[in-house]
Enquirer: 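First, the structure itself, so that you have it in front of you.
This is a predicted model, so every value here is computed, not measured.
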Amino acid sequence: MFKFLFDRDTWQEVFDSFSKNKLRSVLTMVGVWWGILLLIGLLGSARGLENAFNRLFGDFATNSVFIWGQSTGIPFKGFQEGRRVQLSLTDTKKVEENIEGIEFVVPRNLRQTSVTRKFQSGNFRVAGDYPLLDMVEKKRLLNGRFINQNDINNKRKVAVISEDIYKQLFEKKEQAVGQYILINNINFKVIGVHKLSNVNMGPPIDMHIPFTTFQQIFNQGDKIGWVMITGKPDYDIVQIEQDSKLLLKNLNNIHPDDKRAFGSANAGKEFGKVTGFLTGMQFLTWFVGIATLIAGVFAIGNILLITVRERTKEIGVRRALGATPFEIKRQIVVEAVFLTLVAGILGIITGGWILILLDHLFGQGDDAAIVNASVSILVVFIALFILVVLGTLIGLIPAFKATSVKPIEALREE
Amino acid sequence: MLEIKNLHKSYPIGDSSLHVLKGINLSVKEGEMVAIMGSSGSGKSTLLNIIGMLDEADSGDYILDELPIKNLTEKKAAVYRNKFLGFIFQSFNLINYKNALENVALPLYYQGMKRKQRQEKALFHLEKVGLADWAHHLPKELSGGQKQRVAIARALAANPKLLLADEPTGALDTATSHEIMAFIQQLNDEGKTILMVTHEEDIASMCKRIVRLKDGVIMEDKPVTQVRASQYV
Ligand SMILES: Nc1ncnc2c1ncn2[C@@H]1O[C@H](COP(=O)(O)OP(=O)(O)OP(=O)(O)O)[C@@H](O)[C@H]1O
Ligand SMILES: [Mg+2]
């Protein structure tokens, strides 16, 4: 059935009628070309933005929530309002045991304290952390390692410092790992230097020490400052946040409706907003691109209709010479599909160039606004498929027009 | 070869209709060369178009080579036209963006013939009309007489049984007309059946039989002694 597609004559005919109406054919193709260009360009850019965004959040478990205690807002069970709420390790254990869908619960203690090395000193934010933190906020270590279970078990006096602190406390190119610093007048060994992530929940941490060590030197007991909770992939982190808070309120004698008692920052919620925006943008892109595409294809149909009307006599002659209506129709449809496809492929190629250009302009470096702006092969194939379908459909109109008149009427046409 | 009985055709004009052919009876044998004459509007072209299956009669019988031609689908009509008929038009009707060779090869294309074979055959027919050297020229580079010769080659390409010509010399000067008629006569000598519409007496006299139409009926139908066109060339 499709043998004619491999026939040189079919294409000779297409080429002939193309070269006969060069300018018009080119003008027609501009519409489709532009539609595809728009589609590829916009989709690629949207993808690039998404990639940039993902890279920004890449070190960070996006389905996570941070919870910390504040002070109560409603009197409850004989307690006055304004009571300080203090989270404890016991609380976190209960949360981990009882709430559905939780992957990790990571407690943290935090304190501003003096840090000294040789003649440099300052007040820095020191956190007592578990190795599990690495699962929530991937640490990009420039040197050394992060806290491990051994450090926790032995309450070792070790610290992982941020790059900024390294620069403040150490000489250029000086090896930090293995050196000692004074935290709260206690000697700590530096075991790692890490780069701060682009995105942080809560305040940036200047140095991490083992949770247990923190407990000991600051005499924390069971108390904790923060808890970070991450949800399993399929679970809604907003729901987990609500459930956890309710449980924590119950454990701490707080009114269930008290909104002030716990503060929280839900990464999943924020992340969802941005991904929602990006999805919206992609949707818009498809909409705009396809609308333009359809308009372009209609333009092709329109031009073909005019061409067919102009070629009425020629078509009459062909029919007098023995062309069947089917052969005439087929030829016109092939022309329509060919024009749309060529225009579409040119659109894809130029769209690709634009993405390359965007990559050169905005896609370089670590904090690029657009990362790897591209469209998938699947999208390209979908676009081509849509073009073939639309081209065929739109070609059918002039095709039927061409064979709707009797050959004699076509021949009589001037 | 061709048998027409009581053929009627009318065209609707507004609410009324114009009765153009009012019972035509015509029989043409193989090898004949018939001129159809008559005043303007007498229905000559209408008759020829019906014979050529480009148009359909309202009533009456038309049998071509023992095939009754009635209620044909467009597809069948196309196949019959391709197989049985060759058309020569007054205004040549060459396809202007195709060169002479491609124009001649066109009926063969619709016959489904392979490209190479088609071009050989087309060239053969172009040679026959003396235009082999012009094979790769576009119609606009040819004179009227040359164009009509290309059209004749095209009509012959598919080796039809019946050649239909509507005023083939109507757009040509006398000398060129005679040249074309000499060709057509030669084709008839070789056995082709030819039907042509003309309103020039001297062209008609170059046929072997003259059919005169008047008011939609055949007024006169008689054989003539053929004047050879070659004597004028
Ligand atoms: N499609 C049509 N619709 C309406 N009337 C038509 C149509 N075709 C032809 N006629 C009319 O039918 C009549 C016969 O037309 P036809 O073309 O057969 O004449 P003709 O003998 O070939 O004339 P001429 O010598 O001028 O070519 C004319 O009056 C013409 O106006
Ligand atoms: Mg006429």
Enquirer: Stepwise, does the side chain to side chain contact (heavy atoms under 4.5 Å, CB included) test hold for B:S45 with A:R412?
Expert: CA-CA 11 Å; B:S45 295; A:R412 216 179 265 131; over 6 Å; no
Enquirer: Could you tell me whether A:F18 atom CZ has more than 12 heavy atoms of other residues or ligands within 6.0 Å of it?
Expert: yes
Enquirer: Need one label for A:R311: side chain, backbone, both or neither, based on atoms under 4.5 Å from any heavy atom in chain B.
Expert: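 Contact with chain B involves the side chain of A:R311 alone.
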Enquirer: Please classify the contact between A:E409 and chain B as side chain, backbone, both or neither, with a heavy-atom cut-off of under 4.5 Å.
Expert: neither
Enquirer: What pair of heavy atoms forms the shortest contact from A:L411 to B:F89, and how long is it?
Expert: CD1-CE2, 3.8 Å
Enquirer: Show the numbers, then the answer: is there a side chain to side chain contact (heavy atoms under 4.5 Å, CB included) between A:T324 and B:E74?
Expert: CA-CA 7 Å; A:T324 62; B:E74 243 315 308; over 6 Å; no
Enquirer: Just by distance, do the side chain of B:N93 and the backbone of A:V317 share a donor-acceptor pair under 3.5 Å?
Expert: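 No.
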Enquirer: If you count every heavy atom of other residues, nucleotides or ligands that lies below 6.0 Å from B:E190 atom CD, does the total exceed 12?
Expert: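 Yes, enclosed.
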Enquirer: Can you name the residues that form a ring-ring contact (aromatic ring centres under 6.0 Å, His included) with A:W34, not counting sequence neighbours?
Expert: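 Scan of A:W34 (ring-ring contact (aromatic ring centres under 6.0 Å, His included), adjacent residues dropped) gives none.
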Enquirer: Could you pull out the closest heavy-atom pair between A:A323 and B:A78, with the gap in Å?
Expert: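 For A:A323 versus B:A78, the nearest heavy atoms are O-CB, 3.5 Å.
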Enquirer: Would you indicate whether B:E120, at its atom CD, is surrounded by more than 12 heavy atoms from other residues, nucleotides or ligands within a distance under 6.0 Å?
Expert: yes
Enquirer: Dump the intermediate steps for side chain to side chain contact (heavy atoms under 4.5 Å, CB included) on B:L106 and A:R318, then the final yes or no.
Expert: CA-CA 8 Å; B:L106 206 53; A:R318 285 170 182 272; 4.1 Å; yes
Enquirer: How long is the straight-line distance from CG of B:L108 back to CG of A:L321, given to the nearest 0.5 Å?
Expert: 10.0 Å
Enquirer: Please check if the number of heavy atoms outside A:F400 that lie under 6.0 Å from its CZ is greater than 12.
Expert: no
Enquirer: Quick check: closest heavy atoms across B:Y110 and A:G322, and the distance to 0.1 Å?
Expert: CB-O, 3.7 Å
Enquirer: What part of B:Y80 lies closer than 4.5 angstrom to a heavy atom of chain A: side chain, backbone, both or neither?
Expert: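 Looking at B:Y80, nothing touches chain A.
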Enquirer: If the condition is ring-ring contact (aromatic ring centres under 6.0 Å, His included), which residues does A:W11 pass it with, not counting sequence neighbours?
Expert: A:F338
Enquirer: Can you tell which part of B:K76 gets under 4.5 Å to a heavy atom of chain A, answering side chain, backbone, both or neither?
Expert: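 No part of B:K76 comes within 4.5 Å of chain A.
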Enquirer: Between B:R81 and A:R319, is there a donor-acceptor pair closer than 3.5 Å when you use the side chain of the first and the backbone of the second?
Expert: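 Indeed, once roles are kept as given, a pair shorter than 3.5 Å links the two residues.
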Enquirer: Is A:K329 atom NZ crowded by more than 12 heavy atoms from other residues, nucleotides or ligands, each under 6.0 Å away?
Expert: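 Atom NZ in A:K329 is packed in, count exceeds 12.
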Enquirer: Assess whether side chain to side chain contact (heavy atoms under 4.5 Å, CB included) is satisfied between B:L54 and A:K406, documenting all intermediate values.
Expert: CA-CA 7 Å; B:L54 296 171; A:K406 278 197 273 181; over 6 Å; no
Enquirer: Examine whether an atom of B:T73 lies under 4.5 Å from a heavy atom of chain A, and if so say whether it belongs to the side chain, the backbone or both; otherwise answer neither.
Expert: neither
